[in-house]
Amino acid sequence: VPYPGAKEGVQALLRISNLYFCTSPMAKGPTWAHERIEWLTHEMGIRDAYHRTISTSAKHRVHGDFFVDDKEENGLRWQREHKAGKAFLWDTHANRGAKGGLPRLGGWGSLVDVVQAHRPASYTEKTW
């Protein structure tokens, strides 16, 4: 079951951006990638989850304008590789001790606001 507000936040991001889900695979879960795509499809309502999911532990190799992760090391490494982009730390209890200086996002509304404020003027909003 998604966290409260997650489905609405993801749907809002899908309307205003080219959203991709970059996830680290679980080495001991041979069907994990498939299960993640199924979860995104059924729980989050993402019809094209298969085409929007990147399964890699080398997240710094994925290009984009924004990168959000709950593990600070991933965000810091991505930021070093993508100077023109902006990395954020998704605030959780597990990363409260992080001191790398990434801006924290505490909810879906703040992420949607950041993307909305920085998206190209030429991007046209999609309706699903």
Side-chain angles (χ1 to χ4, degrees):
V1 175
Y3 287 113
K7 186 172 182 176
E8 296 81 7
V10 166
Q11 292 299 322
L13 290 169
L14 285 167
R15 286 191 298 274
I16 65 171
S17 68
N18 290 316
L19 179 65
Y20 287 85
F21 303 92
C22 185
T23 64
S24 296
M26 293 181 70
K28 294 184 179 180
T31 62
W32 184 87
H34 173 74
E35 291 168 7
R36 177 59 51 109
I37 291 167
E38 288 294 307
W39 187 87
L40 287 167
T41 301
H42 298 291
E43 296 291 335
M44 300 299 276
I46 302 168
R47 295 186 316 224
D48 58 348
Y50 179 80
H51 298 290
R52 292 183 175 276
T53 304
I54 301 164
S55 183
T56 181
S57 57
K59 294 180 178 183
H60 64 284
R61 301 264 185 218
V62 177
H63 294 272
D65 296 318
F66 302 102
F67 179 83
V68 181
D69 202 290
D70 62 350
K71 191 171 181 185
E72 186 178 43
E73 306 88 75
N74 290 336
L76 291 171
R77 186 164 185 195
W78 186 91
Q79 190 68 74
R80 283 192 301 271
E81 297 287 328
H82 305 279
K83 304 286 188 215
K86 188 69 176 165
F88 295 91
L89 184 62
W90 190 261
D91 191 35
T92 68
H93 291 291
N95 65 26
R96 293 283 160 83
K99 302 200 186 314
L102 288 178
R104 288 180 176 267
L105 291 173
W108 290 98
S110 22
L111 177 54
V112 171
D113 289 346
V114 165
V115 173
Q116 183 75 36
H118 294 92
R119 73 181 184 160
S122 62
Y123 192 89
T124 56
E125 190 162 317
K126 300 176 205 142
T127 55
W128 301 103

When Asn95, Asp91, Leu105 are each screened for side chain to side chain contact (heavy atoms under 4.5 Å, CB included) with Asp70, the one that passes is Asn95
Side-chain donor or acceptor of Trp78 paired with backbone N/O of Val68 under 3.5 Å: no
Under a single-linkage definition using a 4.5 Å side-chain heavy-atom cutoff for Ile, Leu, Val, Met, Phe, Trp and Tyr, are Val114 and Leu76 assigned to the same hydrophobic cluster? no
The reported gap from CG in Asp65 to OG in Ser17 (rounded to nearest 0.5 angstrom) is 9.5 Å
Exceeds 12 heavy-atom contacts within 6.0 angstrom, atom CZ of Arg61: no
Restricting to non-hydrogen atoms, name the atom on Lys7 and the atom on Gly45 that form the minimum distance, rounded to 0.1 Å. CE-N, 4.2 Å
Applying side chain to side chain contact (heavy atoms under 4.5 Å, CB included) to His82 and Phe67, what does each step give before you reach the verdict? CA-CA 10 Å; His82 305 279; Phe67 179 83; over 6 Å; no
Ignoring hydrogens and geometry, is there a side-chain-to-backbone donor-acceptor pair from Gln11 to Met44 under 3.5 Å? yes
Below 4.5 Å, heavy atoms only, C-beta onward: do Leu111 and Phe66 meet side chain to side chain? no
In terms of ring plane angle, is the pair Trp108 and Trp90 parallel, tilted or perpendicular, where the classes change at 30° and 60°? tilted
Phe88 reachable from Val10 in the ILVMFWY side-chain graph, under 4.5 Å edges: yes
Candidates Glu73, Glu81, Arg77 - the one meeting side-chain hydrogen bond (donor to acceptor under 3.5 Å, both in side chains) with His60: Arg77
Let me see the working for Arg52 and Leu40 under side chain to side chain contact (heavy atoms under 4.5 Å, CB included), right down to the final yes or no. CA-CA 10 Å; Arg52 292 183 175 276; Leu40 287 167; over 6 Å; no
For the backbone of Ala98 and the side chain of Glu72, can you confirm whether one donor and one acceptor N or O come within less than 3.5 Å of each other? no
Taking all non-hydrogen atoms of both residues into account, name the closest pair between Ser24 and Ser57 and its distance. OG-CA, 3.9 Å
Please say yes or no: joined through hydrophobic side-chain contacts below 4.5 Å, possibly via intermediate residues, are Val115 and Ile46 part of one cluster? yes
Could you state whether Ile54 and Leu14 fall into the same hydrophobic cluster, counting links through intermediate Ile, Leu, Val, Met, Phe, Trp or Tyr residues with side-chain heavy atoms under 4.5 angstrom apart? no
Are Trp32 and Ile37 linked, directly or through intermediate hydrophobic residues, by side-chain heavy-atom contacts shorter than 4.5 Å (ILVMFWY only)? no
How far does OG1 of Thr53 sit from NE2 of His34, to the nearest 0.5 angstrom? 12.0 Å
Between Gln79 and Ala87, is there a donor-acceptor pair closer than 3.5 Å when you use the side chain of the first and the backbone of the second? yes
